[in-house]
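Only one structure is covered here, and it is reproduced in the block below.
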Amino acid sequence: GSVFAHLVQAPEDAILGVTIAYNKDPSPIKLNLGVGAYRTEEGKPLVLNVVRKAEQQLINDRSRIKEYLPIVGLVEFNKLSAKLILGADSPAIRENRVTTVECLSGTGSLRVGGEFLARHYHQKTIYIPQPTWGNHPKIFTLAGLSVKTYRYYDPSTRGLNFQGLLEDLGAAPQGSIVLLHACAHNPTGVDPTLEQWEQIRKLMRSKGLMPFFDSAYQGFASGSLDTDAKPIRMFVADGGELLVAQSYAKNMGLYGERVGALSIVCKAADVAGRVESQLKLVIRPMYSNPPIHGASIVAVILRDKNLFNEWTLELKAMADRIISMRKQLFEALRARGTPGDWTHIIKQIGMFTFTGLNPAQVSYMTKEYHIYMTSDGRISMAGLSSKTVPHLADAIHAVVT
Ligand code: PMP
């Protein structure tokens, strides 16, 4: 018999499993609102025009080779990524106290950052919001950190539990690490206001809590890259230290290229240099060095003024379509007289709406309406279109009346 015969079948990933179930459904009216990826009004995946142009440039350049990148990845990409998230005029960049390494998208950046902290930071506990993206607890536990949660979402208001958040971070041991979604919180779509961010910042700095920002949706929330990066820049402006994991999956549509970056902002340039040397020791035995193609695409776009501007327009168009889906769904429920307060659909931010539907209601909608979503009631607004909004509104109406 096989030495692996004793293995039990592992469950599907809670998020990726939704698409697997969707694919098996033969119904012509089926609707997948589980995917965390942008879809056009026609329900199709989108490759940005500006990405096509950048790839063409790369193909035409016969001098390009396929040698290994350094352990830290494509150096120009790293510099441009730091500028994109921290701002071109960032004091930390000017003072050379930021180190940036190319990693395997947002997930890889979080993992490398987590492993670095587990090895070199004096506090091994990371506080993550409740709820959060399902991969966060696993990433940080396997990185060697101990994971605790802080209150974030209030189901009764479908908004932020700001008091609970302040209490929990206030009670966290001095120096603890705190994971913060930079914008477009997943799965709730609930973000602090800038005034609330300022209070969070003050509290965290007063207790020496270490911010670890997860920036998976820069530009996707508001349509503006700078607006969505504001919370991070507030923490940089006070001169303190922090980590930030960037992903280009959503905002450049580079999902499968696995391109992202980890930046660590330090207090001094010599420290940043030593931090980078240790990051290399984390990365080398994990995957040696990162892939070249996605980072090259990003570098071509970020270095060229025209391509950059074109990107911001395409990004804004994606963000605007998502915002328009929120309005259409809200209006469709209003038109049906669906009981309950649905204003959270237009208030929440980013790719997802946390509908407030419970697992039984979700499973009813899947069975009767062939609408697929995670059991926590999270729907991807990017998976909706004007054509499918009525079907979803009918299903929600049916399930709450
Ligand atoms: N963080 C959050 C909050 C996310 O939603 C995602 C993507 N679902 C990621 C990180 C990482 O995605 P990726 O590794 O594809 O960049």
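These numbers come from the heavy atoms of this one structure, side chains and all, not from hydrogens, waters or symmetry mates.
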*Test: E331 and K327 ion pair at under 4.0 Å*: no
_I'd like to know if the side chain of Q174 reaches the main chain of K207, judged simply by a donor and an acceptor atom lying under 3.5 Å from each other, with no hydrogens or angles considered._
yes
_Check against salt bridge (charged side-chain N to carboxylate O under 4.0 Å, His left out), E310 and K53_ = CA-CA 11 Å; E310 203 176 321; K53 282 188 189 171; 2.8 Å; yes
*asked:* Would the distance check show the side chain of T366 and the main-chain N or O of I371 forming a donor-acceptor pair, the cut-off being under 3.5 Å?
replied: yes
*Sole candidate of L104, V112, L262, V72 that passes side chain to side chain contact (heavy atoms under 4.5 Å, CB included) when paired with I283*: V112
_Atom of H397, atom of T338 and distance for their closest heavy-atom approach_ = ND1-OG1, 2.7 Å
*Would you mind reporting whether Y369 and I29 have side-chain heavy atoms less than 4.5 Å apart?*
no
*Side-chain heavy atoms of V236 within contact of V98, under 4.5 Å*: no
*asked:* For a side-chain contact (heavy atoms from CB on, under 4.5 Å) check, start with the C-alpha distance between I200 and F162, then their side-chain angles and the critical distance, and finish with the verdict.
replied: CA-CA 9 Å; I200 295 169; F162 190 52; 3.8 Å; yes
*Would you say the side chain of E102 lies within less than 4.5 Å of the side chain of L69, judging by non-hydrogen atoms?*
yes
*Heavy-atom side-chain contact between V190 and K347 under 4.5 Å*: no
*Inspect the contact between R233 and D226 and indicate whether a charged nitrogen and a carboxylate oxygen are less than 4.0 angstrom apart.*
yes
*Is R158 salt-bridged to D341, cutoff N-O under 4.0 Å?*
no
*asked:* Between D394 and R336, does the salt bridge (charged side-chain N to carboxylate O under 4.0 Å, His left out) criterion hold? Intermediate values first, please.
replied: CA-CA 8 Å; D394 287 345; R336 281 161 181 75; 2.7 Å; yes
_Counting only heavy atoms not in R284 (residues, nucleotides, ligands), do more than 12 fall under 6.0 Å from its CZ?_
no
_Main chain of L384, side chain of T388: is a donor-acceptor contact present, judged purely on distance under 3.5 Å?_
no
*Do the side chain of R326 and the main chain of I345 share a donor and acceptor less than 3.5 angstrom apart?*
yes
_Derivation of the side chain to side chain donor-acceptor pair (under 3.5 Å) call for H181 and T132_ = CA-CA 9 Å; H181 294 227; T132 191; 2.8 Å; yes
*Side-chain contact, heavy-atom cut-off 4.5 Å: I322 with M325?*
no
*asked:* Donor-acceptor pair, distance only, cut-off 3.5 Å: does the side chain of E314 make one with the backbone of W311?
replied: no
*Is it true that the NZ or CZ of K250 lies under 6.0 Å from the centre of Y255's six-membered ring and within 45 degrees of the ring axis?*
no
_Given 3.5 Å as the limit, does a donor-acceptor pair link the side chain of N161 with the main chain of Y153, or not?_
no
*Quick one: do Q56 and D61 satisfy side-chain contact (heavy atoms from CB on, under 4.5 Å)? Show the steps, please.*
CA-CA 9 Å; Q56 202 55 55; D61 181 356; over 6 Å; no
*When you look at NZ of K387, are more than 12 heavy atoms from neighbouring residues, nucleotides or ligands closer to it than 6.0 Å?*
yes
_Heavy-atom side-chain proximity of F352 to S380 below 4.5 angstrom_ = yes
*asked:* Among F354, W133, Y152, which residue satisfies the ring-ring contact (aromatic ring centres under 6.0 Å, His included) criterion with H185?
replied: Y152
*Could you tell me whether the side chain of N309 reaches within less than 4.5 Å of the side chain of L313, counting heavy atoms only?*
no
_For the residue pair R378 / T355, report whether a side-chain donor-acceptor contact shorter than 3.5 Å exists._
no
*Hey, does the side chain of R321 reach the backbone of R39 with a donor-acceptor pair shorter than 3.5 angstrom?*
yes
*Nearest-0.5 Å distance, CZ of residue F308 to CD1 of residue I301*: 10.0 Å
*Donor-acceptor pair between E41 and S386 side chains, under 3.5 angstrom*: yes
*Please determine which of T99, T100, N78 meets the side chain to side chain donor-acceptor pair (under 3.5 Å) test together with S263.*
T100
*For A184, does its backbone N or O pair with a side-chain atom of D191 as donor and acceptor, under 3.5 Å?*
yes
*Under 4.5 Å between any side-chain heavy atoms of R274 and V271, yes or no?*
yes
*Would the number of heavy atoms belonging to other residues, nucleotides or ligands and lying under 6.0 Å from NZ of K124 be above 12?*
yes
_Whether E42 and K44 form a salt bridge (side-chain N of Lys/Arg under 4.0 Å from carboxylate O of Asp/Glu) is what I want to check._
no
*So which heavy atom on L281 is nearest to which on R119, and how close?*
O-NH1, 3.7 Å
*Between D25 and K30, does at least one N-O distance fall below 4.0 Å, as a salt bridge requires?*
no
*Looking at N289 and P70, what are the two nearest heavy atoms and their distance?*
CB-O, 3.5 Å
*May I ask you to decide if G159's main-chain N or O and T157's side chain share a donor-acceptor pair within less than 3.5 Å?*
yes
_Main chain of V265, side chain of R97: is a donor-acceptor contact present, judged purely on distance under 3.5 Å?_
no
_Partner set under side-chain contact (heavy atoms from CB on, under 4.5 Å) for R201, not counting sequence neighbours_ = E198, R205, M234, F235, D238
_Please confirm whether the ring centroid of Y248 lies under 6.0 Å from the ring centroid of F77._
yes
